[in-house]
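Quick note on labels: first sequence line is chain A, next is B, and so on, each numbered from 1.
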Amino acid sequence: MGRFYVTTPIYYVNDVPHLGHAYCTVNADAIARWHRGLGDETLFLTGTDEHGTKVAESAESHGVTPAEWTDRTSARFQEAWRSLNVSNDDFIRTTEDRHYATVRTFLKRIYDNGYIVKDTYKGLYCVSCEDYYTTESLEAGLCPVHRRAVVEMEEDNYFFRLSAFEDRLIEWYESQPDAIRPAAKRKEALSFIRGGLKDVSITRTSLSWGVPVPWDEEHVFYVWYDALINYLTAIGYGSDDERVAEWWPHVHHLIGKEIIRFHCVWWPAMCMAAGIDPPASIFVHGWLLVGGHKLSKSMAGEEDSPVKLTEISPASLTEDFGVDAVRYHLLRDTPLGTDGEFSIEGLTSRYNSDLANNLGNLVARVATVVGSKCGGIGPAPAADSPLVAASEEAVAGALAAWEKFAPHEALEATWRLIGAANAELEATAPWKAEPGTVDDVLGSALEVVRIVALLISAAMPATADEIWHRIGLSGSPADELLPDAAQWGGYPGGLVVTKGDPLFPRRK
RNA sequence: GGGGUCGUAGCUCAGUGGUCAGAGCAGGGGACUCAUAAUCCCUCGGUCGUGGGUUCGAUCCCCACCGGCCCUACCA
């Protein structure tokens, strides 16, 4: 038992919550729940990123203040996570006072340490965009958005001396080979560092929607520069050193592959510059992709247009399939670290085979036979059941898999146990036997069901609770301590087993 | 242009320098009937992107090429 601090990126409020956000958040949630089950003191953080030009513009175009706008848009994320049964302990918004305080303290320390300097930023500026462009991003020498000429401009900005950390970052990468996973992503970030680092401008004078620079109130920090610091805000950096000392060594950032540079290069350097350790662990996940015309028409909008992942709302899926089915699919289908293909057909197929046919049907058939052969009272398991080995393998497999951020493997291991239980029922056919001769096999089947409930609780909390109650247990599998509770023999017997409606009715 | 990554059975994906390259789903056959027409057993199915090279031997190592995707510094 220890501590476990897991974070998602804070999502930019100008997006609507989509399936890509849900993928990351549900994975973080399941991992957090698993660690709570292990007895770890767990802190699970998510939130919204609310500064920057785009937010200020959106607010203006809707005729509201940025504060009103972000209140509205941030709420959509909080609702989305509630509806997916996400158990975050905290929800941080970068517009909160606590975040302003931490950002100013943290960056002031970097400034005092000499790693933030004032310099002139020169670049090609589009007056309409109020933004700079690199030569490469221009189209025919014109601003790609407004198709107008850009002008040479210069602005006094504060720069973070990222270049000063090249060697220290490489040293850190070499001394902490597991800090960034998977290895391929670590390699990518390391190559970037080895390619040479330039200083980065971290302040703006062209807008006011940001955190004011404490030593020069004319400037606000560039949005990424305040966003990353949220991970420290949430544990009280600047106001509660003891809390930071407790949690920071146990942080695990779960991020998407498109923001590697900020998290794996800038962020560790910022930490070093402020005099704290870089984050202990960063896990980079891939993307969910949608390959063309695979989604059902009702979701596609236009009849023949390809659907983007960002157009799929988690709410539409949970209404259709149920919360736990969507959670299961997100966790089971695409391993963290690689890209995966998402489709309604895939979700439906997995729902039917894994949830309806295997898990749901197992629970149903066991309950029925206990009803007919044991008067509805579940017997205790046999100590020498052939299912003991399968059960131990599943528990060991799940433990190892969650530990390495591989929810899909944990669920695979669990489903092998479900398969073994179904096969054992075929082999012993207790429905044909005389009452009184089948207590061992049915008790063992119930024990498998109990252990499965424990193992899926992090992924499908509501389903796990329901199964738990159907086999007569009280409380919740989430309150049991793993892995001890999943040891063979925990089902006491003598409990009322109820059948109930199908957990996952088959779909067409 | 540079960096990274992926390209393996119909589909989604594992995998290893060396016996016949694996899983789940889908397909085919059989068994069973407790169960959500579920389950269980058996089975069909692959020139491991293309072309070279290293090696006694490569799907796995190296090079080139083709195709997909991410990043390329101030964009969330």
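Regarding A:Asn352, its CG atom lies at a distance of 16 Å from the C1' atom of B:C11, rounded to whole Å. Protein atom CD1 of A:Ile180 is 17 Å distant from nucleotide atom P of B:C71, rounded to whole Å. Taking atom CD of residue A:Glu424 and atom C1' of nucleotide B:C41, one finds them 15 Å apart after rounding to whole Å. Rounding to whole angstrom units, CH2 of residue A:Trp431 and C1' of B:A31 are separated by 12 Å. The distance from atom CG of A:Asp49 to atom P of B:C75 is 14 Å, rounded to the nearest whole Å. Between the CG atom of A:Asn357 and the P atom of B:A38 there is a distance of 6 Å, given to the nearest Å. Between A:Lys373 atom NZ and B:C34 atom C1' there is a gap of 9 Å when expressed in whole angstrom units. Nucleotide B:U39 holds its P atom 13 Å from the CG atom of A:Leu425, rounded to whole Å.
For the C1' atoms, the distance from B:A9 to B:G49 is 15 Å, rounded to whole Å. Taking atom C1' in both B:U59 and B:U16, the straight-line distance is 9 Å, to the nearest Å. Taking the C1' atoms as reference points, B:C40 lies 13 Å from B:C34, given to the whole Å. Look at the P atom in both B:G18 and B:C13: the space between them is 25 Å, to the nearest Å. Rounded to the nearest Å, the gap between the P atom of B:C48 and that of B:C20 is 15 Å. A gap of 24 Å separates the C1' atoms of B:A58 and B:G45, to the nearest Å.
Between A:Arg261 and the phosphate of B:U72, there is a side-chain N or O to OP1/OP2 separation shorter than 4.0 Å.
A distance-only check finds a donor-acceptor pair linking the side chain of A:Lys373 to the backbone of A:Trp431 [under 3.5 Å].
Of the residues in residues 495-508 of chain A, those placing a heavy atom less than 4.0 Å from an atom of RNA chain B are A:Lys499, A:Pro502, A:Leu503, A:Phe504, A:Pro505, A:Arg506, in numerical order. Contact check of residues 400-422 of chain A against RNA chain B (heavy atom, cut-off under 4.0 Å) returns A:Gly419, A:Asn422.
Between A:Tyr23 and A:Trp287, a ring centre-to-centre spacing not shorter than 6.0 Å is recorded.
Ring planes of A:Phe165 and A:Tyr115: tilted class, angle from 30 to 60°.
Between the side chains of A:Thr7 and A:His253, at least one donor N or O sits under 3.5 Å from an acceptor N or O.
Nearer the 5' end of RNA chain B, as judged by each residue's closest nucleotide, is the contact made by A:Glu426, out of A:Glu426 and A:Phe262.
Under the Watson-Crick or G-U wobble criterion, with both distances below 3.5 Å, B:C65 is paired with B:G49.
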(Q) If you apply the rule side chain to side chain contact (heavy atoms under 4.5 Å, CB included), what do you find for A:Glu174 with A:Ile170, and how did you get there? (A) CA-CA 6 Å; A:Glu174 283 168 353; A:Ile170 291 170; 3.8 Å; yes
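The side-chain tip of A:Arg181 does not point at the ring of A:Phe283 from less than 6.0 angstrom away and within 45° of straight on. Because its NZ or CZ atom is both nearer than 6.0 Å to the ring centre of A:Phe321 and within 45° of the ring axis, A:Arg507 counts as a cation-pi partner of that residue.
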Q. Taking protein heavy atoms under 4.0 Å as touching, what does nucleotides 2-9 of chain B look like 5' to 3' if B marks base contact, S marks sugar-phosphate-only contact and - marks none?
A. -BSS----
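The nearest pair of heavy atoms linking A:Glu166 to A:Ile193 is CG-O, 3.7 Å.
Partner of A:Arg93 under the salt bridge (Lys or Arg N to Asp or Glu O under 4.0 Å) criterion, chosen from A:Asp49, A:Asp71, A:Asp226: A:Asp71.
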